[in-house]
Amino acid sequence: MKKMHFQQIDVLKGVAILAVISLHSATKHELVQTYAIYHIWQAVPVFMVLMGLNLGLGLKPGYVTFNAIYSRSYFTKKATRILFPFLLIFIMSVLLGILWLQLFSQDVMQFSKYTLIGVLPVSGKGNYFITLLLQSILVLPLVGYSFVKRPVLTTLVLVTLELLFLVMSKHYNLFESEGGEYVYSAALPRYFSALAYGLWLSKAIKQSFKPAVLAAFLAPGILSIVYLYLIIYGPLHIPVIYATWDMQNVLAFGYAALLILLFVYLLPGSSYNFTLKTLAQLGQASYHIFLVQVLYFGLTTEHSNLLLNLAVCVTLGYLFYRLETPLSKKYLSIT
């Protein structure tokens with residue numbers, strides 16, 4: 001049973017990776033002034049909901065067994081898709097860090113205990129997402145297995161665990177120590193409800209358009225729109241959530257899920273349109289582009305030139321994807 005493929009998802013990933021670079025090129029003042037919370041600030045929530053969506057699309061009811069979810073083939077695929085590109089960019093990070101010190105007398109390289117959980121030696125904006133991906137390798141199969149068996153119960157458990165994590169983290173000051181902010185940012189439980197949204201989206205988009213399905217996602221989407229406005233521009237403050245991340249939680253992810261559903265419904269499943277094809281190609285290369293932009297923003301001190309940032313990160317990231325992918329596929333065929 002082959003996993004269903006939707007070009008709209010690749011297009012959305014292409015838009016989202018451009019949004020990530022744009023987000024990292026702007027100041028917080030610029031983001032607030034341009035209501036970025038409703039567009040480029042949604043990049044990470046969209047990627048996390050898509051993580052759940054892709055998980056759901058790959059599930060095969062009737063074929064999912066606990067013994068099979070952590071199979072050798074599963075870890076081989078994850079190694080080729082996630083670990084190999086990361087290891088290559090890690091090596092490149094070390095080499096460029098040494099080169100930067102020799103050419104510009106700038107020591108941009110740093111090793112710490114967090115290097116073991118995915119922090120690059122030359123680390124720039126968004127590095128925490130790499131740590132999220134590394135955790136997902138171990139967690140997602142179990143979530144998928146549970147969702148196939150008990151979808152409603154799994155959803156309730158995911159939301160409950162996220163809420164418990166948020167409350168306990170703040171109440172017990174679990175992440176107040178040095179480096180704690182990074183660990184909190186990179187904690188996968190913060191996005192458990194986003195995964196749940198994605199899993200339910202996978203059920204929805206496998207069917208033809210149904211007004212009832214749209215209505216089901218419209219309600220939490222509108223709630224999230226209101227919540228996001230109040231948390232940024234209004235008086236709302238939730239004491240149990242760290243203020244730096246109060247835009248990404250169970251109350252906010254409904255908007256990202258609604259955006260994805262609208263993308264799937266409004267865009268064609270397959271198209272030769274130049275813009276859509278280009279965005280889809282960038283979407284397929286989005287992980288590689290992301291890795292390059294983490295390294296790029298770790299080397300540069302001036303982040304405000306959006307066009308330069310986009311040109312460098314997209315060009316080098318896509319080139320990295322085209323060079324690395326055949327090597328990974330060759331390894332996969334050998335193993």
Side-chain angles (χ1 to χ4, degrees), residues 16-28 31 40-41 43-45 47-48 51 78-79 81-138 174-188 190-191 242 244-245 248 285-306 308-321 324:
I17 194 59
L18 295 178
V20 167
I21 300 169
S22 301
L23 175 64
H24 292 160
S25 303
T27 64
K28 185 172 183 179
L31 295 172
I40 65 173
W41 228 330
V44 172
F47 271 123
M48 295 306 297
M51 187 182 292
K78 290 302 178 183
R81 293 176 183 174
I82 295 178
L83 296 180
F84 281 4
F86 169 71
L87 290 175
L88 289 175
I89 211 72
F90 188 97
I91 294 170
M92 184 61 67
S93 174
V94 173
L95 295 176
L96 284 175
I98 296 172
L99 182 63
W100 231 248
L101 183 61
Q102 296 297 319
L103 294 179
F104 307 110
S105 299
Q106 296 179 7
D107 188 4
V108 294
M109 186 162 55
Q110 182 178 3
F111 291 92
S112 69
K113 59 184 179 181
Y114 299 109
T115 305
L116 299 174
I117 58 172
V119 177
L120 293 175
V122 179
S123 175
K125 297 181 178 182
N127 199 136
Y128 72 93
F129 195 81
I130 298 175
T131 305
L132 282 173
L133 284 177
L134 296 178
Q135 294 168 78
S136 74
I137 295 175
L138 297 176
L174 296 180
F175 300 97
E176 297 294 335
S177 60
E178 183 181 357
E181 183 179 352
Y182 178 86
V183 177
Y184 181 82
S185 302
L188 189 60
R190 291 200 307 113
Y191 294 97
Y242 284 99
T244 51
W245 291 105
Q248 296 183 16
S286 58
Y287 176 52
H288 294 72
I289 296 173
F290 173 76
L291 290 175
V292 167
Q293 73 89 47
V294 172
L295 178 54
Y296 170 77
F297 282 112
L299 291 171
T300 60
T301 56
E302 176 55 54
H303 301 154
S304 61
N305 192 328
L306 173 59
L308 176 63
N309 296 343
L310 286 170
V312 172
C313 295
V314 170
T315 302
L316 294 181
Y318 187 74
L319 181 62
F320 177 38
Y321 166 75
E324 185 275 332

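Keep in mind that what you see is a predicted model, and the values were worked out from it rather than measured.
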Are the side chain of Thr115 and the backbone N or O of Ser112 linked by a donor-acceptor pair below 3.5 Å? yes

State the CG-OH distance between Leu308 and Tyr296, to the nearest 0.5 angstrom. 4.0 Å

Nearest 0.5 Å, what's the CG-OG distance between Leu31 and Ser25? 10.0 Å

Student check: side-chain heavy atoms of Ile117 and Leu134 closer than 4.5 Å: no

Hey, mind stepping through Ile137 and Leu83 against side chain to side chain contact (heavy atoms under 4.5 Å, CB included) and telling me if it holds? CA-CA 10 Å; Ile137 295 175; Leu83 296 180; 4.1 Å; yes

Please give me the minimum heavy-atom distance between Leu295 and Met92, naming the atom from each residue. CD2-CG, 3.9 Å

Can you find a heavy atom in the side chain of Tyr114 that is under 4.5 Å from one in the side chain of Thr131? no

Can you tell if the side chain of Tyr287 reaches within under 4.5 Å of the side chain of Phe86, non-hydrogen atoms only? yes

No-hydrogen, no-angle side-chain donor-acceptor test under 3.5 Å, Tyr184 and Thr244: no

Leu291 CG to Ile82 CD1 distance, which is reported to the nearest 0.5 Å: 10.0 Å

Heavy-atom donor-acceptor pair, Asn127 side chain to Leu120 backbone, under 3.5 Å: yes

Should we count CD of Gln106 as having more than 12 external heavy atoms under 6.0 Å? yes

Applying the side chain to side chain donor-acceptor pair (under 3.5 Å) criterion to Gln293, which one of Lys125, His24, His288 satisfies it? His24

Taking the side chain as every heavy atom from C-beta outward, state whether Phe90 and Ile130 have any pair of such atoms under 4.5 Å apart. no

Is the distance from the ring center of Trp245 to that of Phe175 below 6.0 Å? no

Counting C-beta onward and ignoring hydrogens, is there a side-chain heavy-atom pair between Lys78 and Leu138 closer than 4.5 Å? no

Could you give the distance from CG (Asn309) to OG1 (Thr300), rounded to the nearest 0.5 Å? 6.5 Å

Which residues share a side-chain hydrogen bond (donor to acceptor under 3.5 Å, both in side chains) with Ser286, sequence neighbours left out: none

Nearest non-hydrogen partners of Ala43 and Ala19, listed with the distance: CB-CB, 3.9 Å

Scanning both residues in full, the closest heavy-atom pair of Ser22 with Leu310 reads OG-CD2, 4.3 Å

Assess the residue pair Tyr318 and Val292 against the criterion (side chain to side chain contact (heavy atoms under 4.5 Å, CB included)); give the C-alpha distance rounded to whole Å, side-chain angles, the decisive distance to 0.1 Å, and a yes or no. CA-CA 9 Å; Tyr318 187 74; Val292 167; over 6 Å; no

Hey, does the side chain of Gln135 reach the backbone of Ala186 with a donor-acceptor pair shorter than 3.5 angstrom? yes

Checking the side chain of Ser185 only, and the main-chain atoms of Glu181 only, is there a donor and an acceptor separated by less than 3.5 Å? yes

How far does CZ of Phe47 sit from CZ of Phe129, to the nearest 0.5 angstrom? 6.5 Å

Is there side-chain contact between Val108 and Leu96, with heavy atoms separated by less than 4.5 Å? no

To check you understand the geometry: which heavy-atom pair defines the closest contact between Gly97 and Val122, and what is its length? CA-CG2, 3.9 Å

Provide the closest heavy-atom pair for Gly126 versus Phe290 in the form atom of the first, atom of the second, distance. O-CZ, 2.9 Å

I want to check something: taking the side chain as every heavy atom from C-beta on, are Leu132 and Met48 in contact at a cut-off of under 4.5 Å? yes

At their closest point, which heavy atom of Ile289 faces which heavy atom of Ile21, and how far apart are they? CG2-CD1, 4.0 Å

When rounded to the nearest 0.5 angstrom, what distance separates CZ in Phe297 from NE2 in His303? 6.0 Å

